[in-house]
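Right, one structure below, let's go through it.
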There are 2 protein chains.
Amino acid sequence: MSAFEQACRDAGLKLTHQRLEIFRELVLATDHPAAETLYHRLKKHLPTLSLDTIYRTLASLERHGLISRVYTTQSQARFELERRLHHHLICSNCSEIIDFYWESFDQSSLPENLNAWGKVKRKNVTVHGLCRKCLKKNTPDPA
Amino acid sequence: MSAFEQACRDAGLKLTHQRLEIFRELVLATDHPAAETLYHRLKKHLPTLSLDTIYRTLASLERHGLISRVYTTQSQARFELERRLHHHLICSNCSEIIDFYWESFDQSSLPENLNAWGKVKRKNVTVHGLCRKCLKKNTPDPA
DNA sequence: CTATGTGCAAAGCGTTTGCGACGGT
DNA sequence: ACCGTCGCAAACGCTTTGCACATAG
């Protein structure tokens, strides 16, 4: 967390109460929350917090590489801390997103013909399926 | 294409001119176009076509499993034909999305501990980097 | 002939922005 | 005291919806 404070100072960002709380909520969250989700969670302890501040803060933290936007098919953007290389499990029913690690994949190399495309920076796996909760509820995917 | 006509009949969808043209454009497209992109491309040959029809048609084709929505961090939704298993290359600069194939990955198995999560249906790789065009233009990624 | 699909215009929803007040540094 | 940030409200962009007419089956 004080690494966060240092990063803010380096970036010229002020250490406001709101900023700290929004970041702290993201540290604790494992579910890649949307802006609105964060808003509802934080509103309990910060009743005057506004949704705009959440949006502005998320954009600013993203710009400075402290958090990142998650790839999704939904219209709502979702966010996560910029952590070590990881991959995502996505439930097609409840659209929960969970991290997992797969080091043997990380160390493997891509097909050679990708060099023709350009310069590769990162590779990520997304696994789709049904999480245990949704399997139990016996709720098959929509349509 | 007549497979498409058959699929429409099976789904109880009428074979309208607009529907056929929108689907045909998606068959030809390799760049995972957004609704608006399709609109501009089709407008040339179908001047009376409306954007709402594009949206409605895309939603309907998606519901029937003929096309799918691509995972993205942008607010605009992008679409592709439901083809054989493939993976995506995404340029962080121009956000172009290109398909690639990687059969040795497709045949590999996931870490065993994922069974604890639920039932896996599909796994996809997303490669991020800079495409050749953007490398040439010497346009480094934003910020 | 009937149900579905279309085009138009208006509404919806998530997100962004201009403004004046506020608060770190 | 200064510049970044906040909350408010209004605007924005992408997408969806209600309605009346048109069209495929």
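To find a chain, count down the sequence lines: A is the first, B the second, and so on, and within it residues start at 1.
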Rounded to the Å, how far apart are [X] [atom1] and [N] [atom2]?
X: B/Arg63; N: D/dT16; atom1: CZ; atom2: C1'; result: 12 Å
X: A/Leu51; N: D/dA10; atom1: CG; atom2: P; result: 16 Å
X: B/Gln76; N: C/dG14; atom1: CD; atom2: P; result: 18 Å
X: B/Arg19; N: D/dA24; atom1: CZ; atom2: P; result: 12 Å
X: A/Asp52; N: C/dC19; atom1: CG; atom2: P; result: 16 Å
X: B/Ile54; N: D/dT16; atom1: CD1; atom2: P; result: 13 Å

As a test of reading the structure: which of [options] is closest to the side chain of [X], going by heavy atoms?
X: B/Lys14; options: C/dG14, D/dC3, D/dT23; value: D/dT23
X: A/Tyr55; options: C/dT15, D/dC6, D/dA9; value: C/dT15
X: B/Gln18; options: D/dC14, C/dA3, C/dT6; value: C/dT6
X: A/Leu15; options: C/dT15, D/dC6, C/dT25; value: C/dT25

Does OP1 or OP2 of C/dT6 have a side-chain N or O of B/Thr16 closer than 4.0 Å?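 Yes, within the criterion.
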OP1 or OP2 of D/dG7 less than 4.0 angstrom from a side-chain nitrogen or oxygen of A/Thr53, does that happen here?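 Affirmative; the distance criterion is met.
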Is it true that A/Glu36 and A/Lys43 make a salt bridge, defined as a side-chain N closer than 4.0 Å to a carboxylate O?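 Looking at A/Glu36 and A/Lys43, the cut-off is not met.
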So, A/Glu96 and A/Arg132, do they make that salt bridge, N to O below 4.0 Å?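 A/Arg132 and A/Glu96: not salt-bridged.
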Looking for any heavy atom pair under 4.0 Å, which part of the strands does A/Thr48 touch: base, sugar-phosphate only, or nothing?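 Touches sugar-phosphate only.
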Give A/Ala77 one of three labels, base, sugar-phosphate or nothing, depending on what nucleic acid heavy atoms sit under 4.0 Å from its own.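 Answer is sugar-phosphate: A/Ala77 comes under 4.0 Å of backbone atoms only.
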Taking N and O atoms by type only, does the side chain of A/Arg56 place a donor or acceptor under 3.5 Å from a partner on the base of D/dG4?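 No pair found.
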Both A/His17 and B/Arg9 contact DNA chain D. Which one's nearest nucleotide lies toward the 5' end?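 Taking each residue's closest nucleotide, the earlier one in sequence belongs to A/His17.
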